[in-house]
Asker: 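Have a look at this one.
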Number of protein chains: 2
Amino acid sequence: MNPTAAVLVIGNEILSGRTKDANLPHIAETLAGIGVRLREARVVPDVEEEIVAAVNALRARYDYVFTTGGIGPTHDDITSACVAKAFGVALERNPEAVARLERHYAPGQLNEARLRMANIPAGGVLIDNPISQAPGFQLGNVFVMAGVPNIMRAMLDGVVPRLVGGPELHARTVACELGEGVIAADLSALQDRHPNLEIGSYPYFRAGYFGVSLVLRGTDEAEVAGAADALAGIIQRLGGTPTVTVGSKG
Amino acid sequence: MNPTAAVLVIGNEILSGRTKDANLPHIAETLAGIGVRLREARVVPDVEEEIVAAVNALRARYDYVFTTGGIGPTHDDITSACVAKAFGVALERNPEAVARLERHYAPGQLNEARLRMANIPAGGVLIDNPISQAPGFQLGNVFVMAGVPNIMRAMLDGVVPRLVGGPELHARTVACELGEGVIAADLSALQDRHPNLEIGSYPYFRAGYFGVSLVLRGTDEAEVAGAADALAGIIQRLGGTPTVTVGSKG
């Protein structure tokens, strides 16, 4: 079985529409690459009870939880305190985190606001931030990361070796110019014959043409490839021209 | 008080990283424009129990719930059936929806798979789809829309007149080249003096420069503007050069 994960995006700016989240697709692809299935994502505002409730709901349910956002120096950065509260542990000034900030800032620049970024829940294991030093942390199965995309990516790179992955997920995409409704019945029958595969249907409109990308996923590459070939045959019988590609982006 | 809302994004393709959600920012901005506060978003896979549980959790908690995805003709399109189950009502073939599909498809093209798109929970009020006719629907405070972005936008345009909005939300952005940590203490004090405002701090890196955008939001435009001016004064005293713009994108 593949381990499961959830992402918790923390920040008013995503819910106001000001900022487009750029982290979820990257985390999703990274996890898929090591056989961890992302099963849920939530976006919550910078409100303590919302964050605490979401952290506790998700960590009880999934093998891994990844949070983004809310670990900076300003008043609206409350993620670390909320995770401490969710776990019922103290929020402490972490000496190693302080040392990293001291090396990063020029003398006199490390004020109390910036030192807040060294407040880590008791028992938290730091996550390196090679860009601006202020660390994230892991507490139990929860990984707390920055929201700024380049910092989040660097943190995630550091976290991946700590994760236990699962069997690799293989994908094939079969694209054609037929309408979804034309192929739906045969596709449903194919899904029934392959309960271990996940078959998705995604219509597209591109350069004046419409069509559909049918994505097959599973851990048994031979089954994925065989089902993709069978689907290509179905499409030909229905009068379409299938294109089979490896991966899910075709 | 402003009415509240949640968005429920339904689809494996978002969680696998294959598809980037493009709907959440648009819904967020549209709702903000009519004074409805988006308070939560969730992404769930095409799994019945997940969708039913999320619909019921969100509709109990927020004034409006907007779902996207899962209302097409293929086997993985199960949103309508799940919403019926969440409300405990029957899923029925809707005569008006059938009539719309009959007008849209050429003779002989409206097969059983496509007719599934006319299955609407009992009591559902149709949401127009001017692009490909297959309708969405409103059931209670839940609005079920397509996932394809241009169709979702057209559906949302049709839905907005049905919503009861709230007081307009005004925003000012004060940008400067200071670090977040330099201004954090004064910003926190400003937030304390204006509990009715929501003040967010968003660092940026642009064309080799870094700085921070400070966004102030509230329903009292005079208070928003006054607090923005006060913040500009604080930034000047700290040695920065503030730029104040109307809205939240500065």
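Below, chain A is the first sequence line, B the second, and so on; all start at residue 1.
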Asker: Checking A:Tyr202 against B:Asn12 for the side-chain contact (heavy atoms from CB on, under 4.5 Å) test, could you report, in this order, the C-alpha distance in whole Å, the side-chain angles of both residues, the deciding distance, and whether it holds?
Answerer: CA-CA 11 Å; A:Tyr202 310 115; B:Asn12 294 341; 4.3 Å; yes
Asker: Only pairs of heavy atoms separated by less than 4.5 Å count here; which of A:Pro45, A:Pro203, A:Gly179, A:Ala32 has the most with chain B?
Answerer: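 Most pairs with chain B among the choices: A:Pro45.
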Asker: In terms of heavy-atom pairs under 4.5 Å with chain A, which of B:Ala6, B:Gly11, B:Pro25 leads?
Answerer: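 Among B:Ala6, B:Gly11, B:Pro25, the one with the most close pairs to chain A is B:Pro25.
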Asker: Just to verify, which of A:Leu15, A:Val44, A:Val47, A:Val43 counts as forming a side chain to side chain contact (heavy atoms under 4.5 Å, CB included) with B:Arg39?
Answerer: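 That would be A:Val47; it is the only one of A:Leu15, A:Val44, A:Val47, A:Val43 passing the side chain to side chain contact (heavy atoms under 4.5 Å, CB included) with B:Arg39.
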Asker: Given that the side chain runs from C-beta out, which part of A:Glu180 has a heavy atom under 4.5 Å from chain B: side chain, backbone, both or neither?
Answerer: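 Both the backbone and the side chain of A:Glu180 come within 4.5 Å of chain B.
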Asker: I need the B:Ile14 CD1 to A:Leu38 CG distance, nearest 0.5 Å.
Answerer: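 Answer for the CD1-CG pair, B:Ile14 versus A:Leu38, is 11.0 Å.
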Asker: Can you tell me which portion of B:Glu40 sits under 4.5 Å from chain A's heavy atoms? Options are side chain, backbone, both or neither.
Answerer: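 For B:Glu40, heavy atoms of backbone and side chain both lie under 4.5 Å from chain A.
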Asker: Could you state the interatomic distance from CD (B:Glu198) to OG (A:Ser16), rounded to the nearest 0.5 Å?
Answerer: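 OG of A:Ser16 is found 7.5 Å from CD of B:Glu198.
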Asker: If you tally heavy-atom pairs under 4.5 Å against chain A, which of B:Leu187, B:Asp21, B:Val212 wins?
Answerer: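 Highest number of heavy-atom pairs under 4.5 Å: B:Leu187.
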Asker: Going from CZ on A:Arg217 to CD on B:Glu13, what distance comes out if it is rounded to the nearest 0.5 angstrom?
Answerer: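 Here the rounded value is 9.5 Å.
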Asker: What is the distance from atom CG of A:Leu214 to atom CG of B:Asp76, rounded to the nearest 0.5 Å?
Answerer: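 Separation between the atoms: 9.0 Å.
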Asker: I'd like to verify something: which residue of B:Ile199, B:Asp192, B:Thr19 has the highest number of heavy-atom pairs under 4.5 Å with chain A?
Answerer: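 With the most close heavy-atom pairs to chain A, the winner is B:Ile199.
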Asker: Measure the OG-NE2 distance between B:Ser201 and A:His75 for me, rounded to the nearest 0.5 Å.
Answerer: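 That separation rounds to 7.5 Å.
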Asker: Ignoring hydrogens, what is the shortest heavy-atom contact between B:Ala184 and A:Ala113? Give both atom names and the distance.
Answerer: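 For B:Ala184 and A:Ala113, the tightest heavy-atom pair comes out as CB-CB, 3.3 Å.
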Asker: How many angstroms lie between OG1 in B:Thr173 and CZ in A:Arg18, if you round to the nearest 0.5 Å?
Answerer: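 So the gap between those two atoms works out to 6.0 Å.
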Asker: Specify which of B:Gly17, B:Ser188, B:Gly181 makes the most heavy-atom pairs with chain A at under 4.5 Å.
Answerer: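 Ranked by heavy-atom pairs under 4.5 Å with chain A, first place is B:Gly181.
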Asker: Relative to chain B, which segment of A:Glu112 carries a heavy atom at a distance below 4.5 Å: side chain, backbone, both, or neither?
Answerer: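 The answer is neither part of A:Glu112.
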